[in-house]
Amino acid sequence: MNDRADVERMAEGIVRLTMELQRRKEGGPSAHELTTTQALALRVVVTEGPQRIGAIAGWLGVTVATASRTVDALAGAELVRREADQTDARAVRVVATAHGKREFGVRRERFVRALARLSDDLSEIERRQLADALETLGRLFVAEPAQGRATVERPKS
């Protein structure tokens, strides 16, 4: 199998896993049905702290206009609020509300439970290997400069 075929297998695996996790969420719809972009923006603001719209756009890989519309929807659902940026009077920061933090926690717990059910048929070794592989993927996609990342030697197979 060539490198391209391996990459295509990984891509298909990630997409299928994402779809299956979405399908297997328990407890019915959330109080706030969010688009994927909205859910990811909420995650960024909750886990990374208050962010400017441009930073949210950067995290999500979308335009500032898309990030702004995304924040508008989250603010409309009272999951985030805009507040003045103390360091720049012209700028605003997006801050998660207490309600937004709770909603994020509920969504994360639903996701974790769905993943736990999906991984029930895996052995302990397979679960550890999958967790390691996903952690490696996460490191590969971190948006910081390569020189700032710690490098870990991994054997090539």
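Just so we're clear, the structure is a prediction, and the values are computed from it rather than from any experiment.
Under the side chain to side chain contact (heavy atoms under 4.5 Å, CB included) criterion, L40 pairs with T36, L60, not counting sequence neighbours. Taking the side chain to side chain donor-acceptor pair (under 3.5 Å) definition, one finds that R90 meets it with D88, sequence neighbours left out.
Cluster membership check: M10 does not share its hydrophobic cluster with V15, using side-chain heavy-atom separations under 4.5 Å among Ile, Leu, Val, Met, Phe, Trp and Tyr. Hydrophobic clustering of Ile, Leu, Val, Met, Phe, Trp and Tyr side chains at less than 4.5 Å, counting indirect connections, keeps V95 apart from V44. A continuous path of hydrophobic side-chain contacts links I14 to L122 [ILVMFWY only; heavy atoms under 4.5 Å]. When the side chains of ILVMFWY residues are joined at heavy-atom separations under 4.5 Å, either directly or via intervening members, V64 and V92 end up in two distinct hydrophobic clusters.
Note on R69 versus D72: no salt bridge recorded, every NZ/NE/NH1/NH2 to OD/OE distance being 4.0 Å or above. One finds a salt bridge joining E83 and R81 here, because a Lys/Arg side-chain nitrogen approaches an Asp/Glu carboxylate oxygen to under 4.0 Å.
The residue from V45, L34, V46, V71 that alone fulfils the side chain to side chain contact (heavy atoms under 4.5 Å, CB included) condition with L79 is L34.
The local environment of CZ in R108 is sparse, with at most 12 non-hydrogen atoms from other residues, nucleotides or ligands closer than 6.0 Å.
Taking every heavy atom of both residues into account, A67 and V62 meet most closely at N-CG2, 4.0 Å. Here the closest heavy-atom approach between residue T63 and residue A57 is recorded as O-CB, 3.7 Å.
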Discussion item. Before you tell me yes or no, could you show the steps for T35 and Q38 under side-chain contact (heavy atoms from CB on, under 4.5 Å), namely the whole-Å CA-CA distance, both residues' side-chain angles and the distance that decides it to 0.1 Å?
Written reply: CA-CA 5 Å; T35 67; Q38 291 165 354; 3.1 Å; yes
Practice prompt. May I have the step-by-step check of salt bridge (charged side-chain N to carboxylate O under 4.0 Å, His left out) for R117 and D120, ending in yes or no?
Written response: CA-CA 5 Å; R117 284 193 306 280; D120 278 346; over 6 Å; no
Discussion item. Does T136 form a side-chain contact (heavy atoms from CB on, under 4.5 Å) with R139? I'd like the steps, not just the answer.
Written reply: CA-CA 5 Å; T136 298; R139 278 195 313 271; 3.4 Å; yes
Item to complete: I would like to know whether Q129 and S123 meet side-chain contact (heavy atoms from CB on, under 4.5 Å); could you show each step before the answer?
Response: CA-CA 10 Å; Q129 288 172 332; S123 71; over 6 Å; no
Practice prompt. Under the side-chain contact (heavy atoms from CB on, under 4.5 Å) rule, what do R110 and V106 come out as? Steps first, then yes or no, please.
Written response: CA-CA 6 Å; R110 285 175 62 202; V106 166; 4.2 Å; yes
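Rounded to the nearest 0.5 Å, atoms CH2 (W59) and CD (Q51) are 7.0 Å apart. Interatomic distance, F111 CZ to R43 CZ, rounded to the nearest 0.5 Å: 10.0 Å. Considering CZ of R102 and OG1 of T97, their distance stands at 7.5 Å, rounded to 0.5 Å. Taking CG of L42 as the reference point, atom NZ of K101 lies at 11.0 Å (rounded to 0.5 Å).
Inter-residue side-chain proximity for R82 and S68 is flagged as met; some heavy-atom pair is nearer than 4.5 Å. Considering only heavy atoms from C-beta on, T87 comes within 4.5 Å of R52 through its side chain. T70 is listed as a side-chain neighbour of T37, based on a closest heavy-atom distance under 4.5 Å.
For the pair E78 (side chain) and G76 (backbone), a donor-acceptor distance under 3.5 Å is absent. Distance alone, capped at 3.5 Å, is enough to place a donor-acceptor pair between the S119 side chain and the L115 backbone.
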